[in-house]
Amino acid sequence: MPRYDDVADDSQLASSSRRTVRAPHPAEDPPAEAWVAITTTVPASVRRQVQVACAVHGVKLKDAVTQALQAWLEANPPRLD
């Protein structure tokens with residue numbers, strides 16, 4: 001078990017490269033946009049349905065969620081009034 005002194009302090013955690021993940025995309029000419037984690041909660045039944053749908057269609061969960069959020073944003077653009 002690590003001692004307290006062995007654990008990284010906050011300044012080391014903030015600069016950690018594990019905070020964002022860069023997803024390569026071979027069809028893009030410019031560099032791929034950095035990916036960031038988001039956390040939310042959904043009903044367990046929705047999670048199960050999404051997991052099954054992703055498995056059936058061979059889609060990664062993060063790609064399905066990204067597509068769903070993009071579709072929602074197109075239908076509901078942010079108002080910058």
Side-chain angles (χ1 to χ4, degrees):
M1 176 148 200
R3 296 182 326 227
Y4 180 77
D5 294 338
D6 295 335
V7 179
D9 63 17
D10 289 342
S11 64
Q12 289 173 323
L13 292 175
S15 63
S16 173
S17 62
R18 295 183 300 161
R19 296 279 178 189
T20 59
V21 177
R22 193 171 191 126
H25 195 286
E28 292 182 345
D29 290 334
E33 185 174 352
W35 287 71
V36 296
I38 61 171
T39 304
T40 189
T41 56
V42 296
S45 61
V46 172
R47 179 177 180 240
R48 281 192 301 275
Q49 290 175 16
V50 170
Q51 286 178 314
V52 169
C54 287
V56 167
H57 295 287
V59 175
K60 292 181 181 180
L61 179 62
K62 71 177 189 174
D63 293 332
V65 171
T66 300
Q67 291 174 12
L69 290 172
Q70 287 171 335
W72 187 87
L73 285 169
E74 287 177 13
N76 302 281
R79 290 184 244 172
L80 303 175
D81 297 340

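Every value quoted in this text rests on a predicted model; they were computed, and no experiment measured them.
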- Return yes if some donor-acceptor pair links the side-chain N/O of Asp63 with the main-chain N/O of Val59 below 3.5 Å, else return no. no

- Query: Is there a path from Ile38 to Trp72 through hydrophobic residues (I, L, V, M, F, W, Y) whose side chains come within less than 4.5 Å of each other?
  - Reply: no

- Non-hydrogen atoms of Cys54 and Leu61 that approach each other most closely: SG-CA, 3.9 Å

- Item | side-chain contact (heavy atoms from CB on, under 4.5 Å) between Val65 and Thr40, worked out | CA-CA 12 Å; Val65 171; Thr40 189; over 6 Å; no

